[in-house]
2 protein chains.
Amino acid sequence: MWIKKAFLQKNIMDKTDRSILLLLQKDGKITIKEIAERLNLTTTPIFERVKKLEKEGYIKSYKAILDRKKAGLQLMVFCNVTLNLHQTDYLKKFEKDIQQFPEVVECYHVAGMFDYLIKIYAENMERYQDFLSNKLASLENISKVQSSFVMTEVKDFSYLPIP
Amino acid sequence: MWIKKAFLQKNIMDKTDRSILLLLQKDGKITIKEIAERLNLTTTPIFERVKKLEKEGYIKSYKAILDRKKAGLQLMVFCNVTLNLHQTDYLKKFEKDIQQFPEVVECYHVAGMFDYLIKIYAENMERYQDFLSNKLASLENISKVQSSFVMTEVKDFSYLPIP
DNA sequence: TAATAAAAAAGAATTTTATTCTATATTTGA
DNA sequence: TCAAATATAGAATAAAATTCTTTTTTATTA
């Protein structure tokens, strides 16, 4: 009996797929034609593979990466947040609240020395202080907030080390 | 005497530019035509503005955003790294070394309770342990490493809160 | 405020790229 | 080795980016 290969191999990437993902991570605007030339294939297989990678969720989205300082955001700060109460309801409440703040660009629930790690962008120290005092610290259930100000971005996101 | 407006206004964004940047942050694959329709303009001014924003560095690049778990990277870990010695040479040495590791996708020199914050992607705990023992901890000058394992990504990068 | 240079935008034409379609080659499992 | 499934090639079409010329709007200064 015949077993459909498509069924078995769904969500299995090969070397070509990995190469495509690497190229698209480096440059989301690279053309299908350009990828095809680099991988010694024609546009059709590349086009179909890219669409498949998008459809199956390997590629979540495409984004323009901005220069935050040029955009007027001089400060990048990481905050280690510790909560008082840790029942699910309290966690959900905190997570819902924190998402509202546009200054918070990332938020992770972590296992370690504190509860949440958040990344904040602010125009300047004054705005950051305003965020901290009037927004973050005003949330109920906050026990401790420890700020780390970014001085240098030694390495910023280049691309995932796909195994 | 005439003063060129272009000279004066270089690097000054207006409302339209900000709208374009917002749209491109949300979807790097949005077409010029689509942006034009949304902002009630034709393709020419949008095309020229986008090229200007790229040329002047507001837009650093375009990237495909991948699903890290689908890509086989189950673990995301943040490490707070403290060094022993803090003279410039030692900092440069550490920064150079840390950049070599593909597992390290971000690295920031921070002012706060520790020296560096690094973000690490690993296939699994075994691989992470290998990274920690055989790569990170093997660097000279490391005083302390404190790991925080990400359990939930409450908010991941959406877009910069351009003021 | 009128004259006018500069800048921005519109509209049309052209080039390039994405996308689709059909044909061919390769791979895979019995 | 055969047949089905899959991947790729090559050509045709559709859509988008890009360029060019013209028109409109904005801003300066007399």
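In the text below, chain A, chain B and the rest are named by the order of the sequence lines, each starting its count at 1.
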Chemist: Could you tell me whether Gln74(B) atom CD has more than 12 heavy atoms of other residues or ligands within 6.0 Å of it?
Modeler: yes
Chemist: Can you check the Met13(A) CE to dT6(D) P distance for me, whole Å?
Modeler: 19 Å
Chemist: Does a salt bridge link Asp97(B) with Lys92(B), judged by any charged N lying under 4.0 Å from a carboxylate O?
Modeler: no
Chemist: Assess whether a salt bridge exists between Arg68(B) and Glu153(B), defined as any Lys/Arg side-chain N lying under 4.0 Å from an Asp/Glu carboxylate O.
Modeler: yes
Chemist: Could you state the NZ-P distance from Lys15(A) to dT8(D), rounded to the nearest angstrom?
Modeler: 14 Å
Chemist: Do Tyr128(B) and Glu123(B) have side-chain atoms, one donor and one acceptor, less than 3.5 Å apart?
Modeler: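 Side-chain D/A pair, Tyr128(B) to Glu123(B): absent.
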Chemist: Which side-chain N or O atoms in residues 77-90 of chain A pair as donor and acceptor under 3.5 Å with protein atoms at least two apart or in another chain?
Modeler:
residue, atom, partner, partner atom, Å
Asn80(A), ND2, Gln146(A), OE1, 3.1
His86(A), NE2, Asp115(A), OD1, 3.3
His86(A), NE2, Asp115(A), OD2, 2.7

Chemist: Can we call the ring centroids of Phe131(A) and Phe101(A) under 6.0 Å apart?
Modeler: yes
Chemist: Starting at CZ of Phe47(A) and ending at C1' of dT6(D), how long is that distance when rounded to a whole Å?
Modeler: 18 Å
Chemist: Within residues 22-35 of chain A, which residues have any heavy atom lying less than 4.0 Å from an atom of DNA chain C?
Modeler: Thr31(A), Ile32(A), Lys33(A)
Chemist: Could you tell me how far apart Leu53(A) (CG) and dA7(D) (P) are, to the nearest whole angstrom?
Modeler: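 In whole Å, dA7(D) P and Leu53(A) CG are 12 Å from each other.
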Chemist: What string of B, S and - do you get for nucleotides 9-15 of chain C, 5' to 3', if B is base contact, S is sugar-phosphate-only contact and - is no contact with any protein heavy atom under 4.0 Å?
Modeler: SBB----
Chemist: Does Arg49(A) come within less than 4.0 Å of Asp17(A), counting only side-chain N to carboxylate O?
Modeler: yes
Chemist: Is the shortest side-chain N to carboxylate O distance from Arg38(A) to Glu34(A) below 4.0 Å?
Modeler: yes
